[in-house]
Q: 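Structure provided below as C-alpha cells; questions to follow.
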Amino acid sequence: MSSGPRFRFAPSPTGFFHVGGARTALYNWALARRLQGTFVLRIEDTDEARNRPEWTQGIIDALAWIGIHSDDPTFEGPYFQSDYAEAQVAAARRLFDGGTAYYCDLTSEQIHERVKAGAGGYDGYSRDRGLGPAPGRVLRFRVPQGATTVHDLVRGDVVFDHATIEDFVLLRGDGTPMFLLANVVDDIEMRISHVVRAEEHLPNTPKQQLLWQALGSHPPVWAHVPLLVNEQRKKLSKRRDKVAVEQYRAEGYLAAAMVNYLMTLGWSPPGDQEIVPWAAIEQAFQLEDVNHSPAFFDVRKLAAFNGEYIRRLPVDEFIAACRPFLESPDVPWPAERFDAAKFAAMASVVQLRASTLDEVPGVVDFLFLADPVLDEEVWAKTIAAPGARDVLAEATEAYQQLPEWHAAALKATLEAVGERHALKLGKAQAPIRVAVTGRTVGPPLFEALEVLGRGEVIRRLILVATA
RNA sequence: GCCCCCAUCGUCUAGUGGCCUAGGACACCACCCUUUCAAGGUGGCGGCACGGGUUCGAAUCCCGUUGGGGGUGCCA
C-alpha cells in the first residue's frame with residue numbers, strides 16, 4: 001500500500017453519475033497520481049442504494065469511462081459507508097463517555113416549536129440534563145465555546161464562530177449514525193489525508209473538524225472546489241439540468257473531450273492551449289490554482305471540444321467510436337441494410353462534420369435507407385425550382401453513360417450539365433443531392449454518389465424525376 | 001432570519017501592484033476559401049459590478065455597498 005497522501009472520493013449513488021462529481025473525482029485522481037498517493041472510492045450508500053447494486057456499478061463504470069479505473073494501483077475501493085457502521089457507533093459512544101456528546105429527548109416537532117418561540121435553532125436544551133441512551137433519544141455533539149478555523153487549500157482560512165453552530169446530531173433516535181459522524185469516522189478509519197469536495201460542504205466543515213479533533217485525530221487537508229451551475233447560476237440538479245455523465249456518453253461525447261472540458265471549469269492548464277491531454281493535466285493540476293467562483297457548465301463549449309477531439313481521432317478510431325451509434329436499435333434504417341464498408345468509405349468526410357457521435361447516423365442514413373424521404377418543403381425548394389428537372393434529367397442521362405464511376409468524373413459531368421444552364425456547381429448539385437440523399441445539406445456529394453454506386457444513384461434520380 | 005462563499009467580455013478563463021491600450025477559448029457577426037453543410041483562414045463585437053480608501057501607480061491590497069450562490073434535517 002502506498003504511503004503517500006490519501007484522497008477520498010465519496011459520491012452518493014443516486015442512479016446516475018453527476019458531472020460535478022466527475023470533475024471532483026478527476027481532481028482527486030490527478031492529485032493522487034501526481035503525488036503518488038491513493039484515490040479512495042467510498043460510496044455513501046443508503047438503504048435504497050443498497051437494494052440497487054447497479055447504482056454503485058454505474059458509478060464505477062462512469063469513473064472507468066473518464067479514465068479512473070478500479071484496477072489501477074492508484075485506486076482503492078470501493079468501500080461503503082455502511083461497512084463502518086460499527087466503528088461509527090463506537091466513536092459516538094466514546095464521545096458520550098468523554099462528555100463531548102449528550103443525549104436529548106426532544107422530538108423534531110418540539111424543537112421546531114422552541115425555535116418558533118425564539119430559540120435560534122437547537123438551543124442546547126439537554127446539555128446538562130444528564131440523560132443516558134434510550135430509544136427515541138438522539139446523541140448530540142457538545143459544541144464548545146470559541147471558533148474554528150478551516151484551512152482550505154482553495155479558499156484560504158475560513159473562520160466559523162461556534163456560537164453559530166448548533167449542537168448537531170450524531171446518532172438518531174434509533175441509534176444509527178448520521179452522515180456527518182459517519183463521514184468523519186470513515187475518513188479517520190481510512191487514514192484519509194485530503195478531502196477535496198464541492199463547495200456546498202464548506203459550512204459543514206467546522207463541524208467535521210470539531211469531530212476529528214474530539215476523536216483525537218488531526219484534521220485532513222480541506223479543499224472546497226467551486227460549484228458547477230446552470231444558466232440561472234444555480235447548482236446543477238438532476239431535475240432541471242442535464243447532469244448525468246452517462247447521458248453525455250450516450251449522446252456521443254468522447255470521454256477525453258468530457259474530461260478535458262470538465263478540467264477547464266474552475267481551473268486552466270498552463271500555457272495558451274486549453275485542449276490538452278490528460279497526461280499534461282495530471283502533471284500540472286494543483287488545488288491552489290483552482291478558482292473561487294462557480295462555473296457555468298456550457299454544453300456548447302463542450303460540443304466544440306468534442307468536435308475538436310473527434311477531428312483529431314485517427315479515422316479507424318473514429319469508425320470504431322461510431323459503431324455503437326450505427327448499430328443502435330434507434331438507427332433510421334433497417335439493420336440488415338447497414339454496410340460497414342460504405343460507412344468506412346465515407347468516414348473521413350463525416351468525421352469533419354460531427355460534433356457529437358450521435359449525429360453520425362443522420363449524416364449517412366441515405367446510404368442505408370431503402371428510399372430517402374423528401375418532405376414538401378425540400379421538394380419545393382429544390383426539385384420544383386426552375387431548371388432543376390432539366391438538370392436532373394441531363395445528369396441522369398450523363399451518369400448512365402459515364403465510363404468510370406468515381407467522384408472526380410461525377411463532379412466534372414455535373415459541372416458540364418450546370419454550365420449548359422448557366423448554373424454554378426453549388427446550384428446544380430442541389431437537386432441531385434436532394435434526389436439521392438433526401439436532404440439539402442450533407443457530406444460532399446460526389447464522394448457520396450461514388451460510395452452509393454451507379455445503380456442506386458440512377459434509380460433514385462429516376463424515381464424523383466418521374467414523381 | 002442566521003452563517004459561509006463568490007464577483008474580469010454573453011460563457012469558460014489568463015492576470016498575484018507597473019509588462020494591461022486587460023490576453024485566449026466558446027458563442028455571435030462579417031469576409032475569404034468552397035460542391036451543400038462543415039472544417040480552415042482573416043477580421044469584428046464584447047469585460048475588470050459600484051463607492052471609498054492604501055499607493056508615485058490598483059483588475060490585482062483593505063473597507064463598505066450591491067448583486068449572485070451555498071448551507072442551515074433524527075437527508076447524504
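As the structure is a prediction and not an experimental result, all values here were calculated from the model. Within every chain, numbering begins at 1; the chains are lettered A, B, ... in the order of the sequence lines, protein sequences first and strands thereafter.
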Q: Pull out every residue in residues 134-147 of chain A that has a heavy atom closer than 4.0 Å to any atom of RNA chain B, ordered by number, or say none.
A: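 Correct list: A/Gly136, A/Val138, A/Arg140.
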Q: Separation of A/Lys207 atom NZ from B/rA76 atom P, in whole Å?
A: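 So the NZ-P distance, A/Lys207 to B/rA76, works out to 13 Å.
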Q: What interatomic distance, in whole Å, is found between C1' of B/rU36 and the corresponding atom of B/rA59?
A: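 46 Å, rounded to whole Å.
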Q: Where each residue is assigned the nucleotide of RNA chain B containing its nearest heavy atom, which of A/Pro203 and A/Pro226 is assigned the position nearer the 5′ end?
A: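 Final value for this comparison: A/Pro226.
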Q: CD of A/Gln232 versus C1' of B/rG69: gap in Å, rounded?
A: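 Going from A/Gln232 (CD) to B/rG69 (C1'), I get 13 Å.
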Q: Regarding A/Phe446, tell me which of base, sugar-phosphate or nothing describes its non-hydrogen contacts under 4.0 Å with the strands shown.
A: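 Since a base atom lies under 4.0 Å of A/Phe446, the category is base.
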Q: Determine the Euclidean distance between corresponding C1' atoms of B/rG70 and B/rC29; express it in Å to zero decimal places.
A: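 Looking at atom C1' only, B/rC29 and B/rG70 are 38 Å apart.
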Q: Of all the choices, B/rC74, B/rU8, B/rG10, which nucleotide is nearest to the side chain of A/Arg300 once you look at every atom?
A: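 So the side chain of A/Arg300 is nearest to B/rG10.
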Q: For A/Arg233, which contact category applies under a 4.0 Å heavy-atom criterion: base, sugar-phosphate, or nothing?
A: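 Here A/Arg233 touches the backbone only, sparing every base.
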Q: Using the C1' atom as the reference point in each nucleotide, state the distance between B/rG47 and B/rC4 in Å, no decimals.
A: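 Roughly 28 Å separates the two C1' atoms.
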Q: Could you tell me the separation between the CG atom of A/Leu171 and the C1' atom of B/rC74, rounded to a whole number of Å?
A: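 In whole Å, B/rC74 C1' lies 10 Å from A/Leu171 CG.
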Q: Roughly how far, to the nearest 0.5 Å, is CG of A/Leu227 from CZ of A/Arg233?
A: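 Spacing of CZ (A/Arg233) from CG (A/Leu227) equals 10.5 Å.
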Q: Between B/rG68 atom P and A/Leu236 atom CG, what is the distance in whole Å?
A: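 After rounding, the reported distance stands at 20 Å.
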Q: Where do A/Leu254 and A/Phe305 land on the side chain to side chain contact (heavy atoms under 4.5 Å, CB included) test, with the steps shown first?
A: CA-CA 9 Å; A/Leu254 265 25; A/Phe305 268 55; over 6 Å; no
Q: Closest approach to the side chain of A/Glu308, judged atom by atom: which nucleotide of B/rC5, B/rG40, B/rA76 is it?
A: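 Per side-chain heavy atoms of A/Glu308, the pick is B/rG40.
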Q: Would you check, one step at a time, whether the test side chain to side chain donor-acceptor pair (under 3.5 Å) holds for A/Asp45 with A/Ser82?
A: CA-CA 7 Å; A/Asp45 54 342; A/Ser82 53; 2.5 Å; yes
Q: Nearest to the side chain of A/Glu166 - B/rG69, B/rG73, B/rA25?
A: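 So the side chain of A/Glu166 is nearest to B/rG73.
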Q: Under 6.0 Å between the ring centres of A/Phe297 and A/Tyr261?
A: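 A/Phe297 vs A/Tyr261: aromatic centres under 6.0 Å.
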Q: Measure the distance from OH on A/Tyr261 to P on B/rC12 and round it to the nearest whole Å.
A: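 After rounding, the reported distance stands at 8 Å.
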Q: In Watson-Crick or G-U wobble terms, both distances under 3.5 Å, what is the partner of B/rC26?
A: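 WC or wobble partner is B/rG10.
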Q: Strictly by Watson-Crick or wobble contacts shorter than 3.5 Å, is anything paired with B/rC45, and which nucleotide is it?
A: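 Its partner: none found.
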Q: Taking a pair as Watson-Crick or G-U wobble with both distances under 3.5 Å, which nucleotide is matched to B/rU72?
A: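 Pair assignment: B/rU72 / B/rG1.
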Q: Taking NE2 from A/His112 and C1' from B/rG1, how many angstroms apart are they, rounded to a whole number?
A: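 My rounded result for the distance is 13 Å.
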Q: In Å, rounded to the nearest 0.5 Å, how long is the span from CG of A/Asp167 to CG of A/Leu170?
A: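 Rounded to the nearest 0.5 Å, the CG-CG separation comes out at 10.0 Å.
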Q: Round to a whole Å and report the spacing from CG of A/Asp272 to P of B/rA22.
A: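 The distance from CG of A/Asp272 to P of B/rA22 comes to 19 Å, rounded to the nearest Å.
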Q: Mind calculating the distance between CG (A/Asn306) and C1' (B/rA25) to the nearest angstrom?
A: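 The answer, rounded to whole Å, is 16 Å.
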Q: Do A/Glu44 and A/Asn183 meet the criterion of a side-chain donor-acceptor pair at a distance under 3.5 Å?
A: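 Present: a donor and an acceptor within the cut-off.
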Q: Please determine, for the side chain of A/Ala304, which listed nucleotide (B/rU35, B/rA27, B/rA39) has the closest atom?
A: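 Of B/rU35, B/rA27, B/rA39, B/rA27 is nearest to the side chain of A/Ala304.
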Q: Just compare B/rU13, B/rC37, B/rC74 and give me whichever is closest to any side-chain atom of A/Arg353.
A: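 So the nucleotide nearest the side chain must be B/rC37.
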Q: If you only use heavy atoms from C-beta on, which nucleotide in B/rC12, B/rA76, B/rU11 is closest to the side chain of A/Ala295?
A: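 From the listed options, B/rC12 comes nearest.
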Q: Using the P atom as the point on both nucleotides, what is the distance between B/rG41 and B/rC19, in whole Å?
A: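 It comes out at 31 Å once rounded to the nearest Å.
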Q: Measure from the side chain of A/Phe160, starting at C-beta and using heavy atoms only, and say which of B/rC3, B/rU35, B/rG71 lies closest.
A: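 From the listed options, B/rC3 comes nearest.
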Q: Are A/Arg8 and A/Asp186 within salt-bridge range, i.e. N to O under 4.0 Å?
A: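 No, this pair does not count.
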Q: The side chain of A/Glu274 is closest to which nucleotide in this list: B/rA27, B/rA25, B/rU36?
A: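 That would be B/rA25.
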Q: How about A/Thr176 and A/Arg172: does a side-chain donor come under 3.5 Å of a side-chain acceptor?
A: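 Per modelled atom types, A/Thr176 and A/Arg172 side chains form a pair under 3.5 Å.
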Q: I want to verify a distance call: between B/rG40, B/rU13, B/rC37, whose nearest atom is closest to the A/Val441 side chain?
A: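 Minimum distance to the A/Val441 side chain belongs to B/rC37.
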Q: Please pick, from B/rA76, B/rC4, B/rA39, the nucleotide with the shortest atom-to-atom distance to any side-chain atom of A/Thr46.
A: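 Output: B/rA76.
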Q: Per the atom types in the model, does the base of B/rA27 pair as donor or acceptor with the side chain of A/Lys301 at under 3.5 Å?
A: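 Answer no: no donor N or O sits under 3.5 Å from an acceptor.
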Q: Check this for me: A/Phe16, atom CZ, are more than 12 non-hydrogen atoms of other residues, nucleotides or ligands nearer than 6.0 Å?
A: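 Yes, because the 6.0 Å sphere around CZ of A/Phe16 holds more than 12 heavy atoms from other groups.
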